[in-house]
K.L.:
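Just passing along the structure, written as structure tokens.
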Amino acid sequence: MAHSTLTRLLLAPTAAVAALIGFAAAPAHAAIWTSSEQWGNYTTSDNYILYNNIWGSGAGTQSIWANSSSNWGVTANHPNTGGIKSYPNAKKIVNKPITSLSSLTSGYNVTVPSSGAYNTSYDIWDTDYDYEVMLWVNHNGAVGPLGTSQGTVTLGGHTWAVYKGDNGANQVFSFLRTSDSTAGTVDILPILKWIKDTKGWWGNETIGDVQFGYEITSSAGGLNFTTNGFNVSSS
């Protein structure tokens, strides 16, 4: 589970479809927005929401910076203990039922540390927050998904190890890419339809948030996580 109940209530839905955004390099100058606040958040000109989101117990310090929805990052110094400390992320609101979507795609490009314990992941929610779909594109250290193995499937341009679980608040469907990736595109809609039509794990849910960020368990000494490119496109 990548963010707390407060995350669900804090940020209200906005408009839906994102235009493709080019991948950008990390800033050589001061960012247009920075925050070290636990729930610090910022809405970009293209209606993405950046969120520092330090939600786990035993967390250390974390600062987020952004120049745009496709150029942002965090410096996190969380202790080498178990349990998720934070999920800094960029979010796009979709607000469409699965059967009303003709496409839902995303691109990512990240620079992540070789130490620490974390995953780089999409976190996709229905509007009622009954279901959570996580797509791990890379991970490092002592981290693992919730639930039990459901086998392996190739969908959306990637091969995933699938897990299904329940955290007490919502169902969680986790898809772990079978090899780490720091850049690529994901065709998200076939994954959502596979959950609905092939597995029958949910119905025609309305997809609300498509989030992308870093679920950090430990980053002792201070580690940098940089998003060089990110976009969500839906129709």
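Below, each value reflects all heavy atoms present in this structure, side chains not excepted, and no hydrogens, waters or symmetry copies.
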K.L.:
Side chains of Thr206 and Asp126: donor-acceptor distance under 3.5 Å anywhere?
P.N.:
no
K.L.:
Trp136 versus Tyr122: any side-chain heavy-atom pair under 4.5 Å?
P.N.:
no
K.L.:
Within the side chain of Asn167, is there an N or O that forms a donor-acceptor pair under 3.5 Å with the backbone of Ala169?
P.N.:
yes
K.L.:
Could you tell me whether the side chain of Ser35 and the main chain of Glu37 form a donor-acceptor pair under 3.5 Å?
P.N.:
yes
K.L.:
Look only at the side chain of Thr34 and the backbone of Trp65, and say whether a donor-acceptor pair between them is shorter than 3.5 Å.
P.N.:
no
K.L.:
Are Asn231 and Tyr48 linked by a side-chain donor-acceptor pair shorter than 3.5 Å?
P.N.:
no
K.L.:
Would you say Val133 and Trp202 make side-chain contact, with heavy atoms under 4.5 Å?
P.N.:
yes
K.L.:
Using a 3.5 Å distance criterion without hydrogens, assess whether the side chain of Lys91 forms a donor-acceptor pair with backbone atoms of Val210.
P.N.:
no
K.L.:
Check whether any side-chain N or O of Trp160 sits under 3.5 Å from a backbone N or O of Thr152 as a donor-acceptor pair, and report yes or no.
P.N.:
no
K.L.:
Between Asn52 and Gln62, does any side-chain donor sit less than 3.5 Å from a side-chain acceptor?
P.N.:
yes
K.L.:
Do Asp128 side-chain atoms and Asp130 backbone N/O form a donor-acceptor pair below 3.5 Å?
P.N.:
no
K.L.:
Heavy atoms, side chains only, cut-off 4.5 Å: are Leu192 and Glu205 in contact?
P.N.:
no
K.L.:
Kindly write out the residues that satisfy side-chain contact (heavy atoms from CB on, under 4.5 Å) with Lys193, not counting sequence neighbours, or none if the list is empty.
P.N.:
Ile98, Leu189, Asp197
K.L.:
Not counting sequence neighbours, which residues clear ring-ring contact (aromatic ring centres under 6.0 Å, His included) with Tyr118? List them please.
P.N.:
Phe225
K.L.:
If two hydrophobic side chains count as joined below 4.5 Å and joins carry through other members, does Val186 share a cluster with Leu104?
P.N.:
yes
K.L.:
For Tyr163, check ring-ring contact (aromatic ring centres under 6.0 Å, His included) against everything at least two apart and list the hits.
P.N.:
none
K.L.:
Hey, does the side chain of Asp209 reach the backbone of Asp123 with a donor-acceptor pair shorter than 3.5 angstrom?
P.N.:
no
K.L.:
A side-chain contact here means heavy atoms from C-beta on lying under 4.5 Å apart; do Ser68 and Thr44 qualify?
P.N.:
no
K.L.:
Is the closest side-chain donor-acceptor distance between Thr182 and Asn109 under 3.5 Å?
P.N.:
no
K.L.:
Regarding Thr105 and Ser103, is there a side-chain donor-to-acceptor distance under 3.5 Å anywhere?
P.N.:
no
K.L.:
Given 3.5 Å as the limit, does a donor-acceptor pair link the side chain of Asn204 with the main chain of Thr99, or not?
P.N.:
yes
K.L.:
Among side-chain atoms of Thr178 and Thr159, is any donor-acceptor pair under 3.5 angstrom?
P.N.:
no
K.L.:
Val143 vs Glu215, test: side-chain contact (heavy atoms from CB on, under 4.5 Å). Steps then yes/no.
P.N.:
CA-CA 10 Å; Val143 295; Glu215 192 175 55; over 6 Å; no
K.L.:
My understanding is that only one of Asn47, Thr227, Asp46 makes a side-chain hydrogen bond (donor to acceptor under 3.5 Å, both in side chains) with Ser69; could you say which?
P.N.:
Asp46
K.L.:
May I ask whether Ile54 and Trp33 are part of the same hydrophobic cluster, defined by side-chain heavy atoms of I, L, V, M, F, W, Y residues being less than 4.5 angstrom apart, directly or through others?
P.N.:
no
K.L.:
Does NZ or CZ of Lys164 come closer than 6.0 Å to the centre of the six-membered ring of Trp201, within 45° of the ring's axis?
P.N.:
yes
K.L.:
Could you tell me if Thr75 and Asn224 have a donor-acceptor pair between their side chains, going purely by distance under 3.5 Å?
P.N.:
yes
K.L.:
Answer yes if the side chains of Ser63 and Ser36 hold a donor-acceptor pair under 3.5 Å, and no otherwise.
P.N.:
yes
K.L.:
Is a side-chain N or O of His78 found less than 3.5 angstrom from the main chain of Thr217, in a donor-acceptor match?
P.N.:
no
K.L.:
Looking only at the side chains, is there a donor atom on one of Ser181 and Tyr108 sitting less than 3.5 Å from an acceptor on the other?
P.N.:
yes
